[in-house]
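Working notes, structure below.
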Number of protein chains: 2
Amino acid sequence: MEGSTPRGRTRIQKEKREVILEAALEVFSTNGFRGSTIDQIAEAAGMSKPNLLYYFRRKEDIHETLMHRLLDTWLAPLKELDDIGDPMTELRSYIRRKLEMARDFPRESRLFANEILQGAPRIMAMLEGELKTLVDEKVEVIRGWMRAGKVAKADPWHLIFAIWATTQHYADFDVQVRAVLGPDRGGDGRFEDAARFLEQLFLEGLKPKAN
Amino acid sequence: MEGSTPRGRTRIQKEKREVILEAALEVFSTNGFRGSTIDQIAEAAGMSKPNLLYYFRRKEDIHETLMHRLLDTWLAPLKELDDIGDPMTELRSYIRRKLEMARDFPRESRLFANEILQGAPRIMAMLEGELKTLVDEKVEVIRGWMRAGKVAKADPWHLIFAIWATTQHYADFDVQVRAVLGPDRGGDGRFEDAARFLEQLFLEGLKPKAN
DNA sequence: CAATTTTTTGACCGATTGGACAAACGTTAG
DNA sequence: CTAACGTTTGTCCAATCGGTCAAAAAATTG
């Protein structure tokens with residue numbers, strides 16, 4: 001009985017689907033969608049290919065499920081950007097949260113980056129819909145702060161892009177960051193260094209203080 | 001006669017190799033290495049697969065040639081960062097040049113991003129060698145500016161990362177940028193808006209002017 | 001022209017791919 | 001025990017992959 005793909009009915013199904021998604025995240029995020037094979041995912045999940053296909057009937061279904069889950073996590077920090085509290089503190093918190101996500105969920109970041117890089121064929125609708133709506137909303141919040149003189153006037157859209165770019169860089173380009181920093185500076189401390197730098201950059205910029 | 005791969009001897013060989021590289025840049029930058037097929041490249045180059053393989057014997061050879069060419073172009077702006085001239089002007093010029101590259105060579109940027117995202121298996125040596133050396137050198141230049149009080153004190157490595165991230169974002173995440181900006185704001189003017197914003201960000205930050 | 005070399009292609013090959021399927025295995029309920 | 005259901009796997013398949021090869025077609029040379 002029960003339709004095609006087993007819906008997370010039994011306990012075992014929920015568990016196995018979880019194992020598969022975890023394995024698929026690892027594989028997809030390092031090889032991209034087309035560069036990953038079902039066999040790779042099955043092996044990483046510790047099961048046979050047909051067994052994996054019993055839980056997800058197509059390779060794309062795994063990717064789609066993964067992507068949908070990711071998006072909620074991914075947009076959460078921006079959703080939290082609220083009009084209550086001090087504007088500059090809010091912005092600083094947002095930057096810190098995004099940087100923590102790059103540190104704690106680098107695979108998710110790379111999965112997302114892979115998708116966007118290749119033209120976002122599978123999530124274009126979401127970018128133009130849900131994401132754009134959310135950004136438009138937060139742009140208005142930031143604009144309010146700027147009008148009130150709480151934040152320097154600047155393009156709010158590109159401000160958001162800059163925050164995304166600088167924070168996600170530490171997940172997506174991690175290999176390059178570590179290679180350039182070298183063994184001594186490239187250790188665990190790099191995220192704290194980055195946090196300090198980004199805070200200064202976004203708050204005060206680089207122009208030397210008027211002595 | 002002549003070794004395996006035809007070296008750019010005849011005029012026709014140089015031309016065809018150029019056509020292939022142009023087509024491969026298009027294909028590789030949108031699909032990644034593993035996601036691209038020789039057939040795709042051959043079709044984009046307007047020739048048959050065996051004919052393409054007559055000029056480049058392996059798929060990897062095309063990618064390698066492309067990558068080597070790219071790197072020179074890619075590092076050029078950083079190499080130009082010189083100790084002569086006003087420091088803040090130099091930094092502003094560097095940001096502008098990098099943004100222009102994102103605008104004029106988005107495929108090259110995405111090709112590079114694809115490689116890094118997947119762990120840089122083919123250019124790791126270059127990252128740890130040539131790139132690191134160049135960055136270390138420029139870090140010293142920037143440090144000198146900071147010691148001289150010409151630039152606010154900050155971590156020079158992360159400053160460079162921030163410039164890379166914010167500028168390349170407009171090439172690598174172009175789809176997302178355009179989707180979020182929408183049809184009206186997402187037109188050709190987005191690079192000028194970005195340039196204005198980035199200049200303000202890196203020079204003055206976002207803290208409101210002390211009124 | 002004819003001889004030689006370079007360029008192009010159709011046909012083909014073994015390996016890998018995503019996926020189908022039925023049979024086997026395990027588990028639980030009566 | 002047995003029947004029923006959920007789970008797992010070995011085997012197979014058609015499509016696609018990177019790459020080979022010999023022979024045809026152009027171009028070049030004398």
Side-chain angles (χ1 to χ4, degrees), chain A residues 1-28 30-67 114 118 121-122, chain B residues 1-28 30-67 114 118 121-122:
Chain A
M1 227 163 286
E2 186 54 54
S4 40
T5 299
R7 300 198 177 177
R9 285 263 200 175
T10 65
R11 207 169 309 133
I12 203 170
Q13 279 175 0
K14 286 196 173 180
E15 285 172 9
K16 294 273 175 165
R17 280 175 70 97
E18 227 44 55
V19 171
I20 292 170
L21 289 172
E22 159 66 24
L25 174 59
E26 187 71 30
V27 175
F28 279 142
T30 54
N31 300 109
F33 180 76
R34 288 211 52 189
S36 305
T37 71
I38 300 185
D39 294 271
Q40 284 175 345
I41 301 173
E43 196 197 328
M47 64 181 70
S48 65
K49 178 167 68 172
N51 194 12
L52 183 149
L53 286 167
Y54 170 69
Y55 294 102
F56 291 90
R57 283 163 69 200
R58 294 179 311 158
K59 183 184 171 185
E60 256 202 280
D61 291 349
I62 310 176
H63 191 265
E64 194 188 316
T65 304
L66 221 42
M67 203 59 84
N114 256 306
Q118 318 208 338
R122 282 168 260 272
Chain B
M1 227 164 287
E2 187 54 53
S4 39
T5 300
R7 299 197 179 177
R9 285 263 201 173
T10 64
R11 207 168 311 133
I12 203 172
Q13 280 175 359
K14 285 195 174 180
E15 285 172 10
K16 294 274 176 167
R17 281 175 68 98
E18 230 42 57
V19 171
I20 292 170
L21 289 172
E22 159 67 23
L25 175 59
E26 187 71 29
V27 176
F28 279 143
T30 54
N31 300 108
F33 181 76
R34 289 211 52 188
S36 305
T37 71
I38 300 185
D39 294 88
Q40 284 175 344
I41 301 172
E43 196 196 328
M47 64 182 69
S48 65
K49 179 168 67 172
N51 195 11
L52 182 149
L53 286 166
Y54 169 71
Y55 294 102
F56 292 89
R57 284 163 68 200
R58 294 179 311 158
K59 183 184 171 186
E60 258 202 279
D61 291 349
I62 311 175
H63 191 265
E64 194 187 318
T65 305
L66 221 42
M67 203 58 86
N114 256 306
Q118 318 211 337
R122 282 168 259 273

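Lettering follows sequence order; numbering is per chain, from 1.
- The CD1-P distance, from B/I20 to C/dT7, rounds to 11 Å in whole Å.
- Of the side-chain N and O atoms in B/N51, one or more sit less than 4.0 angstrom from OP1 or OP2 of C/dT9.
- Rounded to an integer number of Å, the gap from B/E43 CD to D/dG18 P is 14 Å.
- Checked for salt-bridge contact, A/R58 and A/E64 miss the test: no charged N lies under 4.0 Å from a carboxylate O.
- For B/R34 (side chain) and A/R34 (main-chain N/O), no donor-acceptor pair under 3.5 Å exists by modelled atom type.
- For B/Q40, the CD atom is densely surrounded, since the number of other residues' heavy atoms within 6.0 Å is greater than 12.
- Straight-line distance from the CE atom of B/M47 to the P atom of C/dT7: 11 Å, rounded to whole Å.
- A 4.5 Å side-chain heavy-atom check between A/F28 and A/K59 finds at least one atom pair inside the cut-off.
- For C/dT7, one of the phosphate oxygens OP1 or OP2 lies less than 4.0 angstrom from a side-chain nitrogen or oxygen of B/Q13.
- Within the 4.5 Å cutoff, no side-chain heavy atoms of A/M67 are placed close to those of A/R122.
- Not one side-chain nitrogen or oxygen of A/Y54 sits closer than 4.0 Å to the OP1 or OP2 atom of D/dT8.
- If you measure from atom OH of A/Y55 to atom P of D/dG6, you get 11 Å, rounded to the nearest angstrom.
- Using a 4.5 Å cut-off on side-chain heavy atoms (C-beta onward), A/Q13 and A/Y54 make contact.
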In B/S/- notation, 5' to 3', how is nucleotides 12-19 of chain C contacted by protein heavy atoms closer than 4.0 Å? -----SBB

